[in-house]
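Since the structure comes first, as structure tokens, the remarks are kept for the end.
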Amino acid sequence: MIIVMRQAAAESQIEAVIARIRAAGLDSHVSRGAERTLIGAVGDERGLTPQMFEAMPGVERAMHVLREYRIVSRESHPENSVVMARGQAIGGPALQLIAGPAAVESARQMREAAALVAGAGGRWLRGGVFKRHSSPYGFQGLGVEGLDLLQEAAAGQGLLTVSELADPRMLDVFLEQGVDMILIGSRSMQNVDLLKEVGRINKPVILKRGAAATLREWLLAAEYIAAGGNHNIVFCERGVRSFDPDCANLLDISAIPLLKRETHLPVIVDPSHASGKADLTPALARAAIAAGADGLMLDAHPEPAQALSQPGQALGPQAFAELMAELRALAAALGRHWA
Ligand code: PEP
Ligand code: MN
């Protein structure tokens with residue numbers, strides 16, 4: 001941490017800052033210039049905040065030197081991390097496809113969805129059973145019964161499963177059911193109790209970006225999970241709030257290379273929730289892969305027009321198969337392949 005004193009800061013104010021640094025167990029290093037005095041707090045500064053110092057008389061501003069997130073930071077782990085689940089690697093050379101309906105609706109729908117995903121070469125079936133959408137009057141999901149349908153349909157095609165956990169009290173059910181990867185939805189990204197709870201297990205967790213979350217907030221949310229001991233974290237960019245209502249969310253392509261620079265953990269993209277419209281999804285999916293994402297999460301439904309949740313953004317069987325054919329060619333052009 002570097003603390004910049006005001007030009008007219010009194011010696012007693014400089015001393016007070018030094019005392020505060022020492023009280024936190026760090027060393028201080030004072031640099032007296034012609035116009036400003038700078039004070040460095042030397043040591044593990046993560047227990048300090050700029051605000052602690054900026055509230056003190058004579059301080060102009062304070063800033064971190066080290067990253068606030070430690071475990072998820074590439075500074076602490078320069079190589080890419082690969083997150084494993086039942087033999088599937090996320091973040092390795094192979095791209096991963098997670099697809100399926102927004103919501104689990106019926107055994108038949110899930111069987112057809114699983115066949116669709118497996119037929120297109122996907123390895124993961126998604127399906128929400130506790131829906132966390134904006135309106136309380138929308139379909140809220142089938143609950144625990146839906147998890148049975150998800151697991152059965154996936155097992156029938158040899159797929160792994162992903163489902164959203166929103167309530168820490170349901171974690172044991174997800175573990176008992178054998179859900180392979182836990183999805184933390186964008187509305188829960190800063191639910192600290194939930195993050196701590198999934199930090200205690202060692203199942204992989206997909207952490208979606210909050211619709212108005214900065215990269216720093218997102219990385220710190222992941223650090224909550226990692227600090228509990230679970231380092232199996234996959235970031236999922238799903239678009240952020242923008243001023244233009246033509247698109248549900250604004251897909252932040254820059255987030256992919258920025259995250260790749262900041263963290264060693266895998267980064268996937270959900271172009272379906274970003275676009276909110278099935279016809280826009282293919283272009284965003286191609287852009288995400290071209291920008292370096294490790295995989296995609298796509299809404300796909302055997303009969304989009306009948307979907308109980310977000311029908312407008314689900315790819316139907318034909319559109320989904322066409323997109324996957326394009327994405328195979330794109331991966332090959334980039335020297336990658338799908339798992
Ligand atoms: C979802 O993946 O079903 C979902 C609700 O997405 P998000 O949390 O990104 O809105
Ligand atoms: Mn959804």
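Atoms within each ligand, like the ligands themselves, are counted from 1 in listed order.
For ligand 1, the atoms closer than 4.0 angstrom to any heavy atom of Gly185 are 8 (O). The ligand atoms of ligand 1 that sit less than 4.0 angstrom from a heavy atom of Glu164 are 5 (C).
Note on ligand 1: Arg126 sits in its first shell, one or more heavy atoms being nearer than 4.0 Å.
For atom 10 (O) of ligand 1, the choice among Met297, Arg238, Lys131 with the nearest heavy atom turns out to be Arg238.
The main-chain N or O of Ala102 is found under 3.5 Å from a side-chain atom of Arg126 such that the two form a donor-acceptor pair. Of the possible donor and acceptor atoms, one in the side chain of Lys277 sits under 3.5 Å from a partner among the backbone N and O of Asp246.
Here's the thing with His273: one of its N/O atoms is less than 3.5 angstrom from an N/O atom of ligand 1. Here's the thing with Asp270: none of its N/O atoms is less than 3.5 angstrom from an N/O atom of ligand 1. Ligand 1 has a nitrogen or oxygen under 3.5 angstrom from a nitrogen or oxygen of Ser186.
Contact annotation: the side chain of Leu215 approaches that of Trp218 to within less than 4.5 Å [non-hydrogen atoms, C-beta and beyond]. Between Leu251 and Glu237, some side-chain heavy-atom pair lies under the 4.5 Å cut-off.
Scanning the protein heavy atoms around atom 5 (C) of ligand 1, the nearest turns out to be His133 CE1, 3.6 Å. For atom 6 (O) of ligand 1, the closest heavy atom belonging to the protein is Lys208 NZ, 2.8 Å.
Surrounding CG of Asn202 are at most 12 heavy atoms belonging to other residues, nucleotides or ligands under 6.0 Å away.
Residue Gln310: an N/O/S atom is found under 2.8 Å from the Mn ion (ligand 2).
Remark: the His273 side chain and the Gln310 side chain contain an N/O donor-acceptor pair separated by less than 3.5 Å.
A salt bridge is defined here as a Lys NZ or Arg NE, NH1 or NH2 lying under 4.0 Å from an Asp or Glu carboxylate O, and Glu60 with Arg36 meets this definition.
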